[in-house]
Amino acid sequence: MNPKSVYINNVSPFKESVAKRFSELHFLESMTDELLMFSKVLSKSKIIITTNYDKMIENLLARQNKNADTFIGNSGFFQETTGWGELYKIHGTIDNSSSIVITDKDYAEFDKNSILLNAKLLTSLVDSPIIFLGYSLTDENIRSLLKVYSDNLPTNVSQNSDRITIVEYKSGEQSIIENVEHDPILEINYTRIQTDNYVSLFKQISKINQGVSPAYIRKYQQQFKKIIEVKGHEGQLDTFLTYVNNIDDMTEEQRLNNTAVAIGDRAFLFVIPTLVDYLTDYLTETDSTAVQVAARFLAQQQPNANLPYLRLLHRIENAGDIGLTENEKRKIDTRVEKTPSLDNLIQKTTISKTLESRIGEDINIIWADKSINEASRIKLIIKGITQYEDSIYEFIVDTALPRFIDNFQSGIDSNGIRSAYRKLFVAYDLFKNDYS
């Protein structure tokens, strides 16, 4: 960053500094259990609204192999959304320093639009209970919201303590103290929880069985109809399919045949790929996942997340119109723009000076050298990947992919191993499939 770019791009050096600082945060090892349980709570949440700038929520959702539609500032309040599995970062994000709300001017502008946030939260309160974490009733924003809620909800809010829960930190308290309290000014009842044992609290919340998780509802609602339309058009459906409102119009012959109602063919019945599914299908070049399903999965991932996809782009181009929304197309285009060249990726992959002389050494010899930690071996292979024309595919499929799956399913990404594998998969993709 220099004065010229700051002026031309209207960048705040202060906000850039804030974004950089928050991007360098790391989880404490002592918080592993609490973070694991919190990630399970997040994965069950219909809507998450946060004032934090960092990527903690996104990273924890990724540990559960989940992701959320993310909206920055007030952007999501103006869009038609699914209302399931959504993350609203109302004070901005480190991915875009200009979105960060931190100065008096920023907060004044934010307050002008607070009616949009209140409307979103009030709508959610009507349908689902809300849990406030890291806030209290002394927070004026919370009081303002609940005042609007109590004034407008057409029910007796004094009896709605099970819809509003405020969790407060109480140092050293290992039990979970739960009380129903009344605020005479706001004229509401609410549940107040005090504890220092968040592992136990999150464990109890994560046991709530709401049927299908919000993340899957969000994914499925677009997938069912698209699978039927695309696969049906290709003549690949071997089961008669209909919509619920068409059941009465079925012929007797159709009633006697195998029938599925608005779901899809056998190969894709309820199948929305996980990260492991996607990588396995892509790297082994099986391509058993329908192109529109794989494309939608790609669009749902963060554009900066390391994922191989170049061969999928060619499948999308060859398939023609597969029913992607403009927003999904835009997300894929953003990923393409952010993808580095192979040379750039190799250059930015750092290894110790002592390993530089081994760049390009036989891949099996490198992998067998257990004196080098796993992440460093992966990076060393990335540095010399252009010299592994004949051996890299076998290594990716037989060694790297199974090792990544084991690490991913363990839930523990020690020493950046998982990140190193994902970078390797992208390097391999750029090496083998970059036709530009």
Side-chain angles (χ1 to χ4, degrees), residues 1-2 4-6 8-9 11 16-17 19-26 55 59 62 94-97 275 279 282-283 298 301-314 331-369 371-397 399-401 403-404 407 413-436:
M1 182 185 298
N2 55 60
K4 182 179 180 181
S5 65
V6 167
I8 293 175
N9 298 313
V11 173
E16 279 288 322
S17 176
K20 184 176 185 298
R21 177 165 296 189
F22 277 88
S23 68
E24 295 171 349
L25 299 179
H26 299 287
K55 304 292 288 290
N59 292 338
I94 58 175
D95 288 339
N96 177 9
S97 64
L275 176 61
L279 289 174
Y282 188 93
L283 295 172
L298 183 66
Q301 309 308 304
Q302 293 295 323
N304 292 324
N306 282 323
L307 272 181
Y309 68 90
L310 295 175
R311 194 163 45 78
L312 176 59
L313 284 186
H314 294 284
K331 288 182 176 180
I332 292 176
D333 288 342
T334 299
R335 171 175 290 278
V336 173
E337 293 171 3
K338 289 179 175 290
T339 300
S341 66
L342 178 58
D343 288 343
N344 187 258
L345 186 148
I346 291 174
Q347 183 180 3
K348 289 187 175 182
T349 300
T350 59
I351 59 175
S352 67
K353 292 284 187 182
T354 58
L355 293 178
E356 290 181 354
S357 63
R358 300 186 62 176
I359 294 175
E361 187 175 306
D362 185 279
I363 198 168
N364 294 314
I365 293 175
I366 291 175
W367 193 248
D369 189 349
S371 67
I372 309 172
N373 68 57
E374 189 167 352
S376 295
R377 278 180 280 158
I378 299 166
K379 292 177 182 178
L380 182 54
I381 291 170
I382 293 174
K383 297 291 281 187
I385 196 167
T386 57
Q387 300 179 52
Y388 300 134
E389 176 75 36
D390 298 328
S391 56
I392 188 63
Y393 174 79
E394 182 178 352
F395 176 78
I396 290 288
V397 173
T399 302
L401 180 59
R403 283 291 300 152
F404 171 82
N407 181 279
D413 184 19
S414 58
N415 300 318
I417 294 174
R418 191 183 307 164
S419 299
Y421 276 117
R422 291 183 65 157
K423 182 180 285 190
L424 171 64
F425 297 151
V426 171
Y428 168 73
D429 192 37
L430 288 166
F431 180 46
K432 299 295 286 188
N433 301 311
D434 188 1
Y435 306 110
S436 59

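Count residues from 1 along the sequence.
- Taking 4.0 Å as the cut-off between side-chain N and carboxylate O, Lys432 and Glu389 count as a salt-bridged pair.
- Interatomic distance, CG of Leu312 versus CG of Leu307, reported as 10.5 Å (0.5 Å rounding).
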Notebook entry, point to check: Run the ring-ring contact (aromatic ring centres under 6.0 Å, His included) check on Phe425 and Phe404 step by step: do they pass?
Noted result: CA-CA 10 Å; Phe425 297 151; Phe404 171 82; 5.7 Å; yes
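- A donor-acceptor pair under 3.5 Å links the side-chain atoms of Arg335 to the main chain of Gln302, judged by distance alone.
- When only modelled atom types and interatomic distance are considered, Asn344 and Ser341 share no side-chain donor-acceptor pair under 3.5 Å.
- Considering CG of Leu430 and CD1 of Ile382, their distance stands at 10.5 Å, rounded to 0.5 Å.
- With values rounded to the nearest 0.5 angstrom, Asn306 atom CG is found 7.5 Å from Ser419 atom OG.
- The distance from atom CD1 of Ile378 to atom CD1 of Ile372, rounded to the nearest 0.5 Å, is 11.5 Å.
- Figure legend: cation-pi geometry between Arg403 and Tyr421 absent, as NZ or CZ is not positioned both under 6.0 Å from the six-membered ring centre and within 45° of its axis.
- Here the NZ-CD1 distance, from Lys379 to Ile366, works out to 14.5 Å after rounding to the nearest 0.5 Å.
- Under the ring pair (Phe, Tyr, Trp, His ring centres under 6.0 Å) test applied with Phe395, the options Tyr388, Tyr428, Trp367 reduce to a single match, Trp367.
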Next item on the list: For the pair Glu16 and Lys20, evaluate salt bridge (Lys or Arg N to Asp or Glu O under 4.0 Å) and give the outcome as yes or no after the intermediate values.
Entry: CA-CA 6 Å; Glu16 279 288 322; Lys20 184 176 185 298; over 6 Å; no
